[in-house]
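Structure first, then comments.
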Amino acid sequence: MNFGNHHFKFHQGHLWVSLLVGGMSPATAFAASGEKPNIIIILADDMGWSNPGCFGGVIETPNLDRLAATGVRFNQFYSAARCCPSRASLLTGLSPHESGVGHMTFKRTGNKPSVIAERLEFPYAYRGWLGENVPTLPEMLKTAGYSTYMTGKWHLGSSDPATWPKQRGFDRFYGFLEGTSDYFKPTDLQRDNRFVEPEGENYYTTDAFTDEAIAYLKEHEMNREEEPFFLYLAYNAPHFPMQAMPEDFQKYRGRFKKGWDVLREEIIARQKKMGLIPENTELAPRPGTSNRLGSKGGPVPAWDSLSPAQQDSMDAIMATYAGMVDRMDQNIGKLIAFLEKTGELNNTLIFFLSDNGAEAESPVFGDFRMEKLGQYGQGGKNYGRAWATFSNTPFREYKHFTHQGGIQSPLIVHWPAEIKADLQHGILNQYGFLPDIVETCLDVASATRPYAMNGQPVPVSDGRSLKGLLQGNGLPLHAQPICCEHEGNIMVRDGEWKLVRFFSDPWELYQVETDRSETNNRAAEHPEIVERLGKAYDEWAKRVGALPWGEAKNYSVYPSGKYNF
């Protein structure tokens, strides 16, 4: 089969079969403009919960702040702890395991037919691409009359064209397929199914993804105005490598010389004043030595213990990161301005969130060379565990893990036409997770999930629509426990309680409704709750195909021992 100038052979089991198999039929007529809302999901990559201004952060995010001011913020919303598992859940409404991405996707490099054939023999949950037997959100929305567009990072399958965005429900796609990309000179760039080169001077992915998205919407307005649209704008910012546009770097240079200790105290104070966290929330301590991710460094030191030269270096790397987030916000402003100009903003349901917490897959002080920061076409690699701790204020841990710092996401929902007026600029305390976003989209679009696909039954989602909350019903969202697992790191949330553990450690239990930073482990006091929630996890794991990590790591996409399992 020919896609552009590239020829591919579909492997058995991934041939595209029509979505309309059992339980779903095409919409009889396209929705007229305004009858159904447009839907936009904006996803940041590896951004910490406390980075945006409207979540207490120090980075200037006036456009996100505006969405929050006329929308709502969720202060207990969970991701799936890592990039592609979160994306799998966000685009299916199912667990990552039910979607085929129970661990990670694997890189195209080295993906010979023999490797793909081998992974086809693995348990479905760990094959490493978005499964052919689960419908995607754009596929489901298309049957309800939606045009569907995507720009940005895919990270749900790259070797087989059947797993690419155009073949999984998007009318148009511009972005890259892998898990990371250079911001200035991406080498994995595609438009639809054709590989392309970056265009124009001063190319920068954050700008390009927004410009392409707006171009799609302009084309939509001209040719498909009678249809509502779904846009998935998946920025790679601020995922490593740390590469900022020079002017954005200079804007923040010198702003972080107070250091992480003082700035974390200031952020938690703002978060309490905003009502984002309970007044009794404690600031998680600076972490000690951790080898859970093979960290090359020791504990995060006190800022005052650093030399002036070290402090200057740390300020520079955080200025790079802040510039990347700022640039993303600038581009969100461009998108908002377009929606205002076309009169679509009022009836467009916008979600903004991050795929996981801040990343700490590097030494404490990051991985970079000072002379390369702030230069167009250059930058650093990682910003380090010290600044990741700052980005996750006031929480513990990071991306990979199911403690709050790894999975709590700064969700903003904006929909002026439907969010109850007295809720706007408010904070919703009900906890939720990624499948809820998909169920909300299906609800407001009057779309349904099929009972079967490609001859296989489609799992029932654990998600619940947020529409009632947005209209002020004030009820709890989940009556049953919700679960998350990644690399043996596990979370069960049920009411005020959260059961959590690292892959190699005993269960911890937190009354997280009031102990948001997980500082008081209550497991020894409440063994009956530990037992009940542990059983709930076991039942969930059996249902979705989540294996104990001692077994599942045999299906890892990484070399044995990378993370000291």
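For the residue pair E361 / H400, a side-chain donor-acceptor distance below 3.5 Å is found, with atom types taken as modelled. In this structure, a donor-acceptor pair under 3.5 Å is absent between the side chains of N520 and Q511. Donor-acceptor pairing under 3.5 Å is recorded for the side chains of Q76 and R493. Using modelled atom types and a 3.5 Å distance limit, the side chains of D443 and S465 yield a donor-acceptor pair. Counted by atom type alone, H478 and D436 present one or more donor-acceptor pairs between their side chains at under 3.5 Å. At a cut-off of 3.5 Å, with distance as the only test, a side-chain donor of E508 or Y510 sits close to an acceptor on the other residue. Between H103 and E487, the side chains place a donor N or O and an acceptor N or O closer than 3.5 Å (distance only, hydrogens not considered). Residues T519 and D515 bring a donor and an acceptor atom of their side chains to less than 3.5 Å of each other. No side-chain N or O of S181 forms a donor-acceptor pair with one of N236 less than 3.5 Å apart. Side chains of N63 and D329: a donor on one and an acceptor on the other come within 3.5 Å.
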* Output, in order, the C-alpha distance, side-chain angles, deciding distance and verdict of side chain to side chain donor-acceptor pair (under 3.5 Å) for H425 and T70. => CA-CA 5 Å; H425 196 50; T70 50; over 6 Å; no

* **Stepwise ring-ring contact (aromatic ring centres under 6.0 Å, His included) test for F502 and H403** => CA-CA 9 Å; F502 298 108; H403 287 74; 4.4 Å; yes

* Taking it one step at a time, do E266 and K258 satisfy side-chain contact (heavy atoms from CB on, under 4.5 Å)? -> CA-CA 10 Å; E266 291 179 353; K258 284 184 179 180; 2.8 Å; yes

* Stepwise side chain to side chain donor-acceptor pair (under 3.5 Å) test for Q310 and S313 -> CA-CA 5 Å; Q310 287 175 315; S313 294; over 6 Å; no

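Among residues two or more places apart in sequence or in another chain, the side chain to side chain donor-acceptor pair (under 3.5 Å) test is passed with Y183 by none. Here T92 pairs with S99 under the side chain to side chain donor-acceptor pair (under 3.5 Å) rule; sequence neighbours left out.
Here the side chains of T320 and Q243 are not in contact, with every heavy-atom distance at 4.5 Å or above. The shortest distance between side-chain heavy atoms of W497 and E513 does not fall below 4.5 Å. By the 4.5 Å heavy-atom criterion applied to side chains, L442 and M140 are counted as neighbours. Inter-residue side-chain proximity for R449 and S461 is flagged as met; some heavy-atom pair is nearer than 4.5 Å. In this structure, M242 and M324 have side chains that are in contact, with non-hydrogen atoms separated by less than 4.5 Å. At a threshold of 4.5 Å between non-hydrogen side-chain atoms, the residues Y232 and L91 count as touching. Side-chain contact between W129 and V101: absent, with no pair of heavy atoms (C-beta onward) separated by less than 4.5 Å. A heavy-atom distance below 4.5 Å is found between the side chains of V557 and R119.
In terms of heavy-atom proximity, G102 sits nearest to H486 at O-ND1, 4.3 Å. For the pair I277 and P394, the tightest heavy-atom approach, listed with the atom from each and the gap, is CD1-CG, 4.2 Å. Nearest heavy atom pair, residue T206 against residue Y235, reads O-CE2, 3.5 Å. Across all non-hydrogen atoms, the minimal contact from A388 to A358 is O-CB, 3.7 Å. The two residues L477 and L466 make their nearest non-hydrogen contact at CD2-CD2, 3.4 Å. Here the closest non-hydrogen pair linking A360 and Y398 is CB-CG, 3.5 Å.
Taken to the nearest 0.5 Å, the OG atom of S409 stands 7.5 Å off from the CZ atom of F352.
The pair E539-K542 fails the salt-bridge criterion, with no side-chain N (NZ, NE, NH1 or NH2) lying under 4.0 Å from an Asp/Glu carboxylate O. R543 and D462 are joined by a salt bridge, as a carboxylate oxygen and a charged side-chain nitrogen come within less than 4.0 angstrom of each other. Ion pairing of R253 with D312 is present here, as a side-chain N (NZ or NE/NH1/NH2) and a carboxylate O approach within less than 4.0 Å. E359 has no carboxylate O lying under 4.0 Å from a charged side-chain N of R82, or vice versa, which leaves the two without a salt bridge. Under a 4.0 Å N-O distance rule, the pair K251/E60 qualifies as a salt bridge.
A cation-pi geometry, defined here as NZ or CZ lying under 6.0 Å from the six-membered ring centre and within 45° of its normal, holds between R255 and Y252.
In K257, the NZ atom is crowded: over 12 heavy atoms of neighbouring residues, nucleotides or ligands sit closer than 6.0 Å.
Taking the six-membered ring for Trp and thresholds of 30 and 60 degrees, F74 and F77 have ring planes more than 60 degrees apart, a perpendicular arrangement. Between F256 and W387, the ring planes lie perpendicular to each other; the angle is over 60°, past the 30° to 60° tilted range.
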Atom pairs and distances, side-chain donor-acceptor, residues 46-59, under 3.5 Å, sequence neighbours left out:
residue : atom : partner : partner atom : Å
D46     : OD1  : N356    : ND2          : 2.8
D46     : OD1  : K399    : NZ           : 3.3
D46     : OD2  : K399    : NZ           : 3.0
S50     : OG   : F390    : O            : 3.3
S50     : OG   : S391    : O            : 2.7
S50     : OG   : T393    : N            : 3.3
N51     : OD1  : G48     : N            : 3.0
N51     : OD1  : Y321    : OH           : 2.5
N51     : ND2  : S391    : OG           : 3.2

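Of the possible donor and acceptor atoms, none in the side chain of R327 sits under 3.5 Å from a partner among the backbone N and O of G323.
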